[in-house]
Amino acid sequence: MLAFIPICFSGTISNHSLIPVNMGHPTPSDDNKSQWFDFIKEVTANPSIPFDHHWSKFQQIFERQAPPDGPPPVWYPREEEFSSSNLAQIMLDLGIDNYSDLHTWSINNRPAFWQYVIQHLGIAFEKPPDRILDLTNGVSDPRWLPGAKMNITDSCFQVPGDKTAIVSGKEGLSDLTVTTYGELESLVNRFANGIRDHGLAKGDAIGIYMPMTMPCVAAYLGTVRSGCQVVSIADSFSPDEVRTRMEIAGAKVILTVDQYYRAGRNIRLYDNVKEAGIKRAIVIEGDNKAELKKDDITWEDFLSKETSFTSVTDDPYQYSNILFSSGTTGTPKAIPWTHLTPIKCAMDGHFHGDLSPNDIASWPSNIGWMMGPWLIYASLLNHAAMALYEGAPIGPSFTCFVEKARVSFLGVVPSLVRTWRTQRAIEGGDWTGIRIFASTGEPSNREDYLWLMSKTGYRAPVIEYLGGTEIGGGHITGSVVHPASPATFTTPSLGLDFIILDDNDQPVGENEIGELYLIPPSIGLSQNLLNKDHEEEYYTGCPNGPDGEVLRRHGDTIARLPKGFFRAQGRSDDTMNLSGIKVSSLELERIIDTHDSVYQSAAVAVQPSGEGAEKLVIFAVLILIRDCKTLQGELQTLIGKFLNPLFRIHDLVIIDSLPRTESNKITRRSLRAQYLSYK
């Protein structure tokens, strides 16, 4: 028998009418705002205006905006958008008049906040918790929902069975396939029964190594429902990388596909599984039947015909998913998700992404990166649908998919947006049905994201979203009740707080850069690692906060901007000291990428002799072939003019593509190592 946790509040509930109020982010001058809105009207009347004119107009309107006024917003919530938002609902429920007070309440009353979230999302329990939070062992090792018994998949299917759960599309095909909640749950149960029928038991680990498709989602949820653990493996990984992750997690079987198509190429994943030496595999076959090795089984033979299954419930801290850090060098860090982590995914999606039952959410991703599982839970726990595209998310096929699937929430990564823009990949498509973009993976570019917003006539904001696998979501983000300025953040995530410290462990002021530290606890924050010391990774050596708070290391470098805005500056290990001045790779790359011949760049610091002053090396992917020495001189001029003349380029390396992790982060460490190995 499933139960729902009762909820109560200490605050006063009021029935006042919420309207957009000062959210802590004052707008630019009325004149600038008026000029920008006039331009949006012009764009609405004539959508064919070239983007170059948009960018010129943006620069013209805001070039004289004083730095203390902060970054210029280009989108503001209208009254009806604000009033219908999920954030407006929680403020109304709690009798809180503005977002700033709501966030303060959520961190000063963490048990009450998460109690509200659990009730509001309808999280189901076989046995409700005795309380919300036990801090007997301190904030770095909290006990959330002690005494509870649950399985998070029971909270994923609480809508009518005929409601759409998944809209699927495939590269090169125009037809879409719709899967209802009832059909999805039936397949989930068939897979869970198959696990039991083939000798796997509670606690066993099952690898999933395949594209993000409907069967992938069903197998993921079926594994969790059965009390087993998913081992998430990106479909781009090599046999060695597959083997490593299976061994770390102690996985007994792997689910894969024989082959699939991406960017016109035939990707043969089952061959990789065989080369990795995985002893037991479940294989989804294509049109051409695969020749299976001994002990392997087809998907159809593995599935049970039984379509009902009683979820295996247990303590919420039981592992449900093993994911891995995105580093490409050394042993990957194995990060367990529990049955609690999806609550964080769903909360972020609900309040910061404003996901509702009417939405169809798409985020080109895979099951090996946290945004794959995030999309599953953020969609289903919010009673929304997800749109899954099998193939490369570029070109006319994907553009048509977004339009035909009626995607209303589209997640992106910055490199994908840059590809769409430079290759004119979405020209001719109608994306005006999108009401929200969300972005994560790495810091974004202001010009690219203004272009992205222009594709909806500036009706859809970009919600910047930064966090990590070990958080289960974001620590800094945006929302639909804040104005949106391209490539900036506006708030810590609800229920979580952070502090930004400089090199002297002092809080940074406006227009200063520092390292972001989390202030625990929060549902979603990891408390264990499979193959590393969790305390050493996240807490050892951290300073205390100004009021003695325990701080948790995460590694993001953030600039605090005027008027409550923030800008990501990359990872703390991607900063360098040039001529005695601290600068981030991202600051240099933003300048270099403005050159007409440069598609993308990566800036790294090296010590050619292993010691001494750091030297700046630029890796560049070019749009136009150029003489290297001439281009280096031109880039040096740009850096000297727009950043600092003391920053001297030691070397320029032309490269075909930049190495990236599965979560789309540039692996500057591998570039640094590559450079030093040849020099």
Side-chain angles (χ1 to χ4, degrees), residues 2 121-124 126 150-159 161 163-168 179-197 200 202-233 251 253-256 282 284 299 302-304 306-314 316 318-323 336-346 349 361 363 365-368 370-388 472:
L2 298 179
L121 294 176
I123 302 300
E126 182 181 66
M150 66 180 297
N151 186 303
I152 194 60
T153 65
D154 289 330
S155 303
C156 293
F157 298 98
Q158 301 189 95
V159 298
K163 187 181 189 303
T164 297
I166 298 175
V167 181
S168 301
T179 304
T180 66
Y181 271 79
E183 291 167 337
L184 177 61
E185 185 170 25
S186 176
L187 190 56
V188 166
N189 290 339
R190 291 181 65 194
F191 192 83
N193 280 306
I195 288 173
R196 179 196 60 198
D197 295 345
L200 296 162
K202 175 183 173 183
D204 285 342
I206 299 172
I208 299 184
Y209 175 53
M210 62 180 294
M212 189 84 173
T213 59
M214 187 278 289
C216 176
V217 173
Y220 180 97
L221 293 171
T223 302
V224 176
R225 175 159 279 190
S226 73
C228 292
Q229 305 164 19
V230 174
V231 181
S232 290
I233 305 175
V253 64
I254 192 168
L255 170 68
T256 190
I282 307 160
I284 299 177
W299 165 260
F302 183 84
L303 293 175
S304 168
E306 177 57 51
T307 58
S308 62
F309 186 89
T310 301
S311 298
V312 176
T313 59
D314 207 329
Q318 291 295 308
Y319 293 167
S320 64
N321 191 183
I322 308 301
L323 295 111
W337 277 18
T338 70
H339 288 257
L340 293 169
T341 318
I343 300 174
K344 166 65 173 171
C345 302
W363 205 316
S365 184
N366 65 75
I367 206 66
M370 65 157 282
M371 295 314 298
W374 186 96
L375 179 65
I376 294 172
Y377 290 123
S379 300
L380 300 183
L381 291 177
N382 282 298
H383 307 166
M386 69 189 91
L388 304 178

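Residue numbers count from 1 along this sequence. What you see is a predicted model; the values in this text were computed from it and never measured.
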Is there a side-chain contact between Leu388 and Val217 in this structure, where contact means two heavy atoms from C-beta onward sitting under 4.5 Å apart?
yes
For a 4.5 angstrom cut-off between non-hydrogen side-chain atoms, does Met212 reach Ser365?
no
CG (Leu323) and OG1 (Thr341) are apart, to the nearest 0.5 Å, by 9.0 Å
Testing the basics here: between Asn382 and Gly349, what is the closest heavy-atom pair and its distance to 0.1 Å?
ND2-C, 4.2 Å
Contacts of type side chain to side chain contact (heavy atoms under 4.5 Å, CB included), residue Ala205, not counting sequence neighbours
Gln229, Val231, Ala251
If a pair satisfies salt bridge (Lys or Arg N to Asp or Glu O under 4.0 Å) and one of its residues is in residues 203-224, list it, with sequence neighbours excluded.
Asp204-Lys252
Mutual orientation of the aromatic rings belonging to Tyr377 and Tyr220 [parallel < 30°, tilted 30-60°, perpendicular > 60°]:
perpendicular
pair Leu184-Phe157: side-chain heavy atoms closer than 4.5 Å
yes
Take the angle between the ring planes of Trp374 and Trp363 and call it parallel below 30°, perpendicular above 60°, tilted in between.
perpendicular
Please evaluate residues Arg190 and Thr307 with respect to the criterion side chain to side chain contact (heavy atoms under 4.5 Å, CB included), reporting the C-alpha separation (whole Å), side-chain torsions for both, the decisive distance (0.1 Å), and the verdict.
CA-CA 5 Å; Arg190 291 181 65 194; Thr307 58; 4.0 Å; yes
Do Arg225 and Asn189 have side-chain N/O donor and acceptor atoms under 3.5 Å apart?
yes
Asn321/Ser232 under side chain to side chain contact (heavy atoms under 4.5 Å, CB included): CA gap, chis, key distance, verdict:
CA-CA 7 Å; Asn321 191 183; Ser232 290; 3.0 Å; yes
Met150 vs Thr313 side-chain heavy atoms within contact, under 4.5 Å:
no
Residue pairs meeting salt bridge (Lys or Arg N to Asp or Glu O under 4.0 Å), one or both in residues 377-387, sequence neighbours left out, come to none
Could you tell me whether the side chain of Lys163 and the main chain of His383 form a donor-acceptor pair under 3.5 Å?
yes
Worked check of side chain to side chain contact (heavy atoms under 4.5 Å, CB included) between Ile123 and Ile343:
CA-CA 8 Å; Ile123 302 300; Ile343 300 174; 4.2 Å; yes
Between Gln318 and Ser320, do the side chains contain a donor N or O and an acceptor N or O under 3.5 Å apart?
no
Kindly compute the distance separating CD1 (Ile376) from CE (Met371), expressed to the nearest 0.5 Å.
11.5 Å
Within-4.5 Å side-chain heavy-atom neighbours: Ser308 and Glu306
yes
Does Thr179 reach the side chain of Leu187, with side-chain heavy atoms less than 4.5 Å apart?
no
For Ser379 and Tyr181, work out which heavy atoms get closest and say how close.
O-OH, 4.0 Å
Ignoring hydrogens and geometry, is there a side-chain-to-backbone donor-acceptor pair from Glu183 to Thr180 under 3.5 Å?
yes
Atom pair CD1/CE of Ile254 and Met210 - distance to nearest 0.5 Å
11.0 Å
Please report the C-alpha distance between Thr338 and Ile152 in whole Å, then the side-chain angles of each, then the deciding distance to 0.1 Å, and finally whether the side chain to side chain contact (heavy atoms under 4.5 Å, CB included) criterion is met.
CA-CA 9 Å; Thr338 70; Ile152 194 60; over 6 Å; no
Between Thr153 and Val224, which heavy-atom pair has the shortest distance, and what is it?
CG2-CG1, 3.7 Å
Separation between CZ of Arg196 and OG of Ser304, rounded to the nearest 0.5 Å:
6.5 Å
Given side chains that start at C-beta, do those of Leu255 and Ile284 come closer than 4.5 Å, heavy atoms only?
yes
Heavy atoms of Val312 and Lys202 approach each other most closely as CG1-CD, 3.9 Å
Give me the atom names and distance for the closest heavy-atom approach of Ala124 to Ser155.
N-OG, 2.9 Å
Flag, side chain of Thr223 to backbone of Ala219, donor-acceptor distance under 3.5 Å
yes
Answer with yes or no after comparing the ring centroid distance for Phe191 and Phe309 against a 6.0 Å cut-off, counting only values under it.
no
Applying the side chain to side chain contact (heavy atoms under 4.5 Å, CB included) test to Ile195, which of Ile282, Val253, Ile206 qualifies?
Ile206
Closest non-hydrogen atom pair, Gln158 against Asp154:
CG-O, 3.6 Å
